[in-house]
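Heads up: the structure comes next, in structure tokens.
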2 protein chains.
Amino acid sequence: MATAVDTGWSEHALATLRAAGYRRGGARTAVVEALARHDCSVTPLQLDDELRRRDPPVGRASIYRALEQFEQLNLIRRVETTRGAAAYERVEPDGHHHHHAVCHACGEMETFEDRELERAIGRISKGMTFEISEHDVVLRGLCRRCAD
Amino acid sequence: MATAVDTGWSEHALATLRAAGYRRGGARTAVVEALARHDCSVTPLQLDDELRRRDPPVGRASIYRALEQFEQLNLIRRVETTRGAAAYERVEPDGHHHHHAVCHACGEMETFEDRELERAIGRISKGMTFEISEHDVVLRGLCRRCAD
DNA sequence: ATGACTGCAAAGCCTTTGCACGCAA
DNA sequence: TTGCGTGCAAAGGCTTTGCAGTCAT
């Protein structure tokens, strides 16, 4: 679940950050690059593992601070794949996104996209009194290996 | 979001607990009663607020332990309404359930049910390699008051 | 009498905050 | 030069665990 497929998200992110008035700091850039390498959700602590031993090392606090800023700029989105802990995923500028199935036993994840699901959620959102801006859908169960 | 509507869930829960070999402890019973009073998701800390000043008081650890047991017996279900913290909801024996919209600003919740949504999720679940046993759907946005 | 149940306090995660130093602009 | 950005360490929440006393059976 790594092996980059950066569709230009990094550039988009760096440009958005600059436009928002942020300076180009080493830690923040390192977090952008790390996120670009992940196709699926990542936790702050996973990023910390990756970036801690860099030279120069990136501090854990900087990772949390960067993620908070990125989320506010809608560059990443928090997903509820990891119960009780944060996990984030890139937001693609074209709005394309997927959802997740998570294994109760080992945490393995599988992703899916579905138009009927999105259509239903869109319709429901319009009918609520709330102004809905995002949605989480997570399926939970056992992966094939853990089911045996 | 309180004001009881216990459809027999308490009795069901107590019977299930007894059948599973649990003794009838005061703390556990108090947690069952507290859950029966809530129609929507509750956090362990909300329950603690309610049960701490009882006589005799219920300890926080007992609440967490009870919730863990109830979840394993499928009497309650963890829902992801409160980011970064746990929240639980009764599982109705007939399988009837609803989902939630949560306000980013104030945490207020609105619930909904939708057959097309459930149908889509059921179909998707069958198509996965995972054995899916539950699903979370949470819409997020601003409630009417916070949107102004 | 036996072992489950409970409350308290301590310990464990994850996350946030305070602070002094360093670096971008 | 200014003040944003960063790392470290400390502090904050929520949750879990250890332990000794209590209670259900």
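Throughout, protein chains are lettered first and strands after them, A, B, ... in sequence-line order, and every chain is numbered starting at 1.
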Nucleotides 3-5 of chain C: which of its N/O atoms have a protein N/O under 3.5 Å away?
from  : atom 1 : to      : atom 2 : distance (Å)
C/dG3 : N2     : B/Arg23 : NH1    : 2.7
C/dG3 : N3     : B/Arg23 : NH1    : 3.4
C/dA4 : O4'    : B/Arg23 : NH1    : 3.3
C/dC5 : OP1    : B/Arg23 : N      : 2.7
C/dC5 : OP1    : B/Arg28 : NH2    : 2.4

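- Membership of the apolar cluster around A/Ile132 extends to A/Phe112, A/Leu117, A/Ile121, A/Ile124, A/Met128, A/Phe130, A/Val137, A/Leu139, B/Phe112, B/Leu117, B/Ile121, B/Ile124, B/Met128, B/Phe130, B/Ile132, B/Val137, B/Leu139, as traced through chained side-chain contacts below 4.5 Å between ILVMFWY residues.
- Pairs of residues two or more places apart, or lying in two chains, never qualify as ring pair (Phe, Tyr, Trp, His ring centres under 6.0 Å) while including a residue from residues 52-71 of chain A.
- In this structure, the side chain of A/Arg90 engages the main chain of A/His38 through a donor-acceptor pair within 3.5 Å.
- A rotation axis mapping the C1' atoms of four pairs onto the next four is fitted at both ends of the helix from C/dA1-D/dT25 to C/dA25-D/dT1 over five pairs, and the angle between these axes is 30° to 10 degrees.
- A salt bridge (charged side-chain N to carboxylate O under 4.0 Å, His left out) check over residues 66-81 of chain B, counting only residues at least two apart or in different chains, returns the pairs A/Arg83-B/Glu80, B/Arg77-B/Glu134, B/Arg77-B/Asp136, B/Arg78-B/Glu80.
- In this view, B/Arg65 satisfies the salt bridge (charged side-chain N to carboxylate O under 4.0 Å, His left out) rule with no residue, not counting sequence neighbours.
- Remark: P of C/dA24 and CZ of A/Arg18 are 14 Å apart, rounded to the nearest angstrom.
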Please list, pair by pair, any protein nitrogen or oxygen found under 3.5 Å from a nitrogen or oxygen in nucleotides 10-15 of chain D.
from   : atom 1 : to      : atom 2 : distance (Å)
D/dT15 : OP1    : B/Ala86 : N      : 2.7
D/dT15 : OP2    : B/Tyr64 : OH     : 2.3
D/dT15 : O5'    : B/Tyr64 : OH     : 3.1

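- Residues meeting the side-chain contact (heavy atoms from CB on, under 4.5 Å) test with A/Ala147, sequence neighbours left out: A/Leu142, B/Glu131.
- Scanning for side-chain contact (heavy atoms from CB on, under 4.5 Å) contacts around B/His97 gives B/His99, B/Glu118, B/His135, with sequence neighbours left out.
- The distance between atom CD1 of A/Ile63 and atom P of C/dT15, rounded to the nearest whole Å, is 11 Å.
- Remark: C1' of D/dT6 and CZ of A/Arg52 are 17 Å apart, rounded to the nearest angstrom.
- For B/Ala30, the side-chain contact (heavy atoms from CB on, under 4.5 Å) criterion is met by B/Leu51, B/Arg54, B/Val58, not counting sequence neighbours.
- For A/Asp49, the salt bridge (charged side-chain N to carboxylate O under 4.0 Å, His left out) test picks out A/Arg52, with sequence neighbours left out.
- Residues satisfying the side-chain contact (heavy atoms from CB on, under 4.5 Å) test with A/Asp94, not counting sequence neighbours, are A/Glu92, A/His96.
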